[in-house]
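In what follows, a structure is listed as structure tokens, so that the remarks can point back to it.
Every chain is numbered from 1 and lettered A, B, ... according to where its sequence line falls, protein lines coming before strand lines.
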Protein chains: 2
Amino acid sequence: MTEPERRSHTPDTAASGIERALALVGGRWKLVILFHLFGGRVQRYSDLERLIPGISQKMLAQQLRQLEADGLVQRTVYPQVPPKVEYRLTEWGQALCPALDALLSWGERQPGGPRASHGRAVRSDT
Amino acid sequence: MTEPERRSHTPDTAASGIERALALVGGRWKLVILFHLFGGRVQRYSDLERLIPGISQKMLAQQLRQLEADGLVQRTVYPQVPPKVEYRLTEWGQALCPALDALLSWGERQPGGPRASHGRAVRSDT
DNA sequence: CAGTATCCCAGACGATACTG
DNA sequence: CAGTATCGTCTGGGATACTG
């Protein structure tokens, strides 16, 4: 049944652990940013701005700051006349990739599509 | 580097695919509910209410409805004098478990703890 | 170039009360 | 028992403008 961490997690600790993890990625633009950084890619602030149409500067900066504070991305500032800042993933950030991959695969395995099955008083006889 | 779906996903499609998946689980209580259902466990409405202290009836009902509409849980109504409703995971819902497990493991592999590393103007010479 | 600073709003969430 | 209905709150995110 592949229950997660049956060895050391109650339903509540497991849930909160995952919520904690999801919170790190929960921003409106975090995933898009991460996916532009996966695979060791390095991007400048302006690159990301260009790669992510529709994002505002406030949002880009904010999400990057949070990703940095949470240890997923590494920020590198070059003290130059026109400022230059690069963003790349940390080891740990890169390690998120397989987990997201699993989630993506699960999502795409979705059968049929969301159906509000009405729960037709079927008795428990299968 | 274990990039997710390098075969058929752009950063944007991958991100939106995962966002779609996360949205299904994104409610304040969805994960807790799911973890009380993983492993084939079947719970009545009142069971969940008891198992999840702090949740309001409105929230419990709402989150369950959404999980049902999204095809993660199966709702079974028994037309009896005192109503009886059971909730269990669908196959697809159960299949979420390993993916969440991966996420949980990743979260617990977190090194050091969140550090706002200041990005000390290191030049790109590695 | 690479950000900050304000203002504002929609939607998520919580508390409470009522019902078939 | 298993929900709905209603109301108030709070936060994430968008638009816009300004700066070292």
In whole angstrom, what separates [X]'s [atom1] from [N]'s [atom2]?
X	N	atom1	atom2	value
Met59(B)	dC10(D)	CE	P	16 Å
Arg28(A)	dA10(C)	CZ	P	17 Å
Ile55(B)	dA15(C)	CD1	P	11 Å
Gln80(B)	dG20(C)	CD	C1'	15 Å
Leu60(A)	dG13(D)	CG	C1'	14 Å

Query raised in the report: So, is Trp29(B) near the phosphate of dC13(C), with a side-chain N or O under 4.0 Å from OP1 or OP2?
Result: no
Query raised in the report: Do you see a donor-acceptor pair shorter than 3.5 Å between the side chains of Tyr45(A) and Gln57(A)?
Result: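 Tyr45(A) vs Gln57(A): no donor-acceptor pair found between side chains.
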Going from [atom1] on [X] to [atom2] on [Y], what distance comes out if it is rounded to the nearest 0.5 angstrom?
X	Y	atom1	atom2	value
Ile55(A)	Leu60(A)	CD1	CG	4.5 Å
Phe35(B)	Leu104(B)	CZ	CG	6.5 Å
His36(A)	Ile52(A)	NE2	CD1	5.0 Å
Leu103(A)	Leu22(A)	CG	CG	7.5 Å

Report task. Going 5' to 3' through nucleotides 1-6 of chain D, assign each nucleotide B (protein heavy atom under 4.0 Å from a base atom), S (under 4.0 Å only from sugar-phosphate atoms) or - (no protein heavy atom that close). Result -> BBBBBB
**Report entry** Angle between terminal axes - the helix from dC1(C)-dG20(D) to dG20(C)-dC1(D), 5 pairs each end, rounded to 10°
**Finding:**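 Axis angle across the helix from dC1(C)-dG20(D) to dG20(C)-dC1(D), nearest 10°: 50°.
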Query raised in the report: Would you say Ser8(B) and Glu108(A) make side-chain contact, with heavy atoms under 4.5 Å?
Result: no
Query raised in the report: Between Leu48(A) and Trp29(A), is any pair of side-chain heavy atoms under 4.5 Å apart?
Result: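 The answer is no; the side chains never approach within 4.5 Å.
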Report task. Under the side-chain hydrogen bond (donor to acceptor under 3.5 Å, both in side chains) rule, collect the residues that match up with Tyr87(A), sequence neighbours excluded. Result ->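 For Tyr87(A) the side-chain hydrogen bond (donor to acceptor under 3.5 Å, both in side chains) partners, ignoring immediate neighbours, are Arg75(A).
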